[in-house]
Protein chains: 2
Amino acid sequence: MPDPRPPDRPSRPPVLRPPESREKILEVAEAGFAAKGYAGVGLREIAAAVGLGKSSLFHHFPTKLDLYGAVLEQVLTRLALDLDLQTRPEDGPAERLERWIDAIVRRLAEDAPAARLMLRAMVDQEPYPAIRLIETDRELMPFERRLAGILGRLGGLLEEGIAAGVFRPLGIPDAIQTVVGAVVFHFASGDLGEALIGEDLFSGTAVERRRREVVEFVCRGLRA
Amino acid sequence: MPDPRPPDRPSRPPVLRPPESREKILEVAEAGFAAKGYAGVGLREIAAAVGLGKSSLFHHFPTKLDLYGAVLEQVLTRLALDLDLQTRPEDGPAERLERWIDAIVRRLAEDAPAARLMLRAMVDQEPYPAIRLIETDRELMPFERRLAGILGRLGGLLEEGIAAGVFRPLGIPDAIQTVVGAVVFHFASGDLGEALIGEDLFSGTAVERRRREVVEFVCRGLRA
DNA sequence: GTCTATAGTGAGATAGAC
DNA sequence: GTCTATCTCACTATAGAC
């Protein structure tokens, strides 16, 4: 039986494969930046972990800052997409807040470096001195746009809940800060958190318990 | 009228002034490490901000790591001392928890870089890969001892409150993580937090409002 | 206790061959 | 798209004069 494929064409489609290195680089860089911060990781180190020469990185990302921005964008985009999937506007604010927290917790649990990376990005004064949430003179960077969307969604939820009387009246920006700290810090606390919890922070049981605990805590903290 | 001071002795007492440079270095280094992380600040930069030559730092702190450790120790020691001052064992767990939060908030507000520095120290995998809270083979470092004391005090409070029935039953380590995140993140969020709150995070009114909000939130989250 | 000078290392980035 | 080689610069740390 003759092979229908022409002999000069390999069986795997050769097209649509170029981003393989890029994905690997982003993955390794995410772990590095999360663990040691922007200044703490060298491109040499990242390249070696990927299995490339240092200079090859510059083919994919022209500068270290571009690589960092791309990592942040990918992480925050995944988060934002998860939140979009959870959208069910017919639910009340309390249910939607609970699902907002669910989605964040599940994503931070699945993408272990993400919490560290986000916390750093929000706390660092370098390389981005001020992460902006609203348009000013310059356009927002892609990752800033994503973060603004994520926090804005939480803020809208709180506002709605207060208006509906299911949440007590409180300062929305303050509440955002509290919720973000309560949700994100745990998954960023690494060895310290593990010493405290006495278990791998990212094991299935630990994540599910954490999800329940933090949802309960936040809902009680906000309830009218 | 003759000057009573001998001409070769300056009017200010020359003795008891040696730690002046050391204090300045610690202060500048705290701000630097807080803003940009351990790897992000150079000793040259710190020395310049203090007004010293780079090499003079090594006279006070033999290595960069020693300087970092000293900064952490100072910050956490101030926090621990503030908590000691608040001790009134005759109060119930709820009041003591409220005063625990009060003391932390007031210290983080007074010592602006402290929150960033602490959050970093708890999240970083470098230069200290694992901050330990209990004695193992090696002795705890001074700053680890302080942190263990601060978190241990919170844990004890929670345990007592649950036993007394004023807090609902919950996982103590999880609750510690939640409370720390909720309290500390706000003061570490810098420009992002300021954009959110719309005000200087460290102004008197903002701090007092924050104190009220986070105490209320945490107490509601824990109440039985 | 502070300085200048310098060693030694590793960083980010560029050029150009293949 | 990856490589080798190289540039420039900043870093931690040391040595020794004052």
Side-chain angles (χ1 to χ4, degrees), chain A residues 10 12-72 120 124-129, chain B residues 8-10 12-72 120 124-129:
Chain A
R12 301 279 195 85
V15 86
L16 244 169
R17 298 303 299 279
E20 195 177 322
S21 279
R22 196 187 151 91
E23 284 167 19
K24 249 184 173 163
I25 293 170
L26 283 172
E27 190 187 324
V28 169
E30 183 188 335
F33 287 136
K36 310 198 249 179
Y38 179 74
V41 208
L43 295 182
R44 180 202 194 99
E45 190 180 341
I46 294 174
V50 176
L52 285 179
K54 181 184 41 156
S55 305
S56 302
L57 293 194
F58 289 98
H59 215 268
H60 300 274
F61 303 95
T63 69
K64 187 187 186 182
L65 194 57
D66 287 318
L67 173 57
Y68 183 65
V71 168
L72 282 181
R120 258 186 222 291
D124 280 349
Q125 221 147 14
E126 265 191 354
Y128 295 112
Chain B
D8 57 340
R9 255 185 123 210
R12 301 278 193 86
V15 87
L16 240 169
R17 300 302 299 279
E20 195 178 320
S21 280
R22 196 188 150 92
E23 284 167 18
K24 249 184 173 161
I25 293 171
L26 283 172
E27 190 187 324
V28 169
E30 183 187 335
F33 287 135
K36 310 198 251 179
Y38 179 74
V41 210
L43 295 182
R44 177 200 197 104
E45 189 181 341
I46 294 175
V50 176
L52 284 179
K54 183 185 35 157
S55 304
S56 302
L57 293 194
F58 289 99
H59 218 266
H60 300 275
F61 303 96
T63 70
K64 187 186 186 182
L65 193 57
D66 287 318
L67 173 57
Y68 183 64
V71 168
L72 282 181
R120 257 187 224 293
D124 280 349
Q125 221 145 17
E126 267 191 352
Y128 294 112

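First the proteins, then the strands, lettered A, B, ... as listed; each starts at 1.
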ask   = In whole angstroms, how far is the C1' atom of dT2(D) from the CD1 atom of Ile25(A)?
value = 11 Å

N/O to N/O distances under 3.5 Å, protein versus nucleotides 4-7 of chain D:
unit_1, atom_1, unit_2, atom_2, d
dT4(D), O4, Ser55(A), OG, 2.9
dA5(D), N6, Ser55(A), OG, 3.0

query = Considering heavy-atom distances to DNA chain C, does Pro62(A) or Glu45(A) have its closest nucleotide positioned more toward the 5' end?
reply = Glu45(A)

request  = Whole angstrom is fine here: how far is it from CZ in Phe33(B) over to C1' in dT12(D)?
outcome  = 12 Å

ask   = Rounded to the Å, how far apart are Arg44(B) CZ and dC11(D) C1'?
value = 9 Å

Contact summary for Phe61(B) and Arg22(B), nearest pair of heavy atoms = CE2-NH1, 3.6 Å

ask   = Asp66(B) has an atom CG; how far is it from atom P of dT12(D), in whole Å?
value = 13 Å

Which side-chain N or O atoms in residues 62-72 of chain B pair as donor and acceptor under 3.5 Å with protein atoms at least two apart or in another chain?
unit_1, atom_1, unit_2, atom_2, d
Thr63(B), OG1, Leu65(B), N, 3.3
Thr63(B), OG1, Asp66(B), N, 3.1
Thr63(B), OG1, Asp66(B), OD2, 3.0
Lys64(B), NZ, Tyr38(B), O, 2.9
Lys64(B), NZ, Val41(B), O, 2.9
Asp66(B), OD2, Thr63(B), N, 3.4

query = Which whole-number value in Å describes the distance from Phe61(B) CZ to dT12(D) P?
reply = 15 Å

query = For the residue pair Gly40(A) and Ala39(B), what are the closest heavy atoms and their distance?
reply = CA-CB, 3.6 Å

message = From NZ of Lys64(A) over to P of dT14(C), roughly how many Å is that when rounded to an integer?
response = 15 Å

request  = Would you name the heavy atoms of Ile25(A) and Val50(A) that are closest together and state the gap between them?
outcome  = CA-CG2, 3.9 Å

Atom pair distance, as rounded to whole Å: NE2 in His59(A) and C1' in dG16(C) = 12 Å

query = Under a 4.0 Å N-O cut-off, is there an ion pair linking Lys36(A) with Glu45(A)?
reply = yes

ask   = Do the side-chain N or O atoms of His60(B) get closer than 4.0 angstrom to the phosphate oxygens (OP1, OP2) of dT2(C)?
value = yes

ask   = Which nucleotide sits closest to the side chain of Leu52(B): dT2(C), dG12(C), dC3(D)?
value = dT2(C)

query = With a non-hydrogen cut-off below 4.0 angstrom, is Val50(B) in contact with a base, only sugar-phosphate, or nothing?
reply = nothing

task = Check the distance between dT2(D)'s P and Glu20(A)'s CD and give it to me in whole angstrom.
result = 9 Å

task = For atom CD of Gln125(A), decide whether the heavy atoms of other residues, nucleotides or ligands shown that lie under 6.0 angstrom number more than 12.
result = yes

query = Of all the choices, dG12(C), dG1(D), dA13(D), which nucleotide is nearest to the side chain of Leu43(B) once you look at every atom?
reply = dA13(D)

Distance in Å, Ile46(A) CD1 paired with Leu26(A) CG, rounded so as to fall on 0.5 Å steps = 10.0 Å

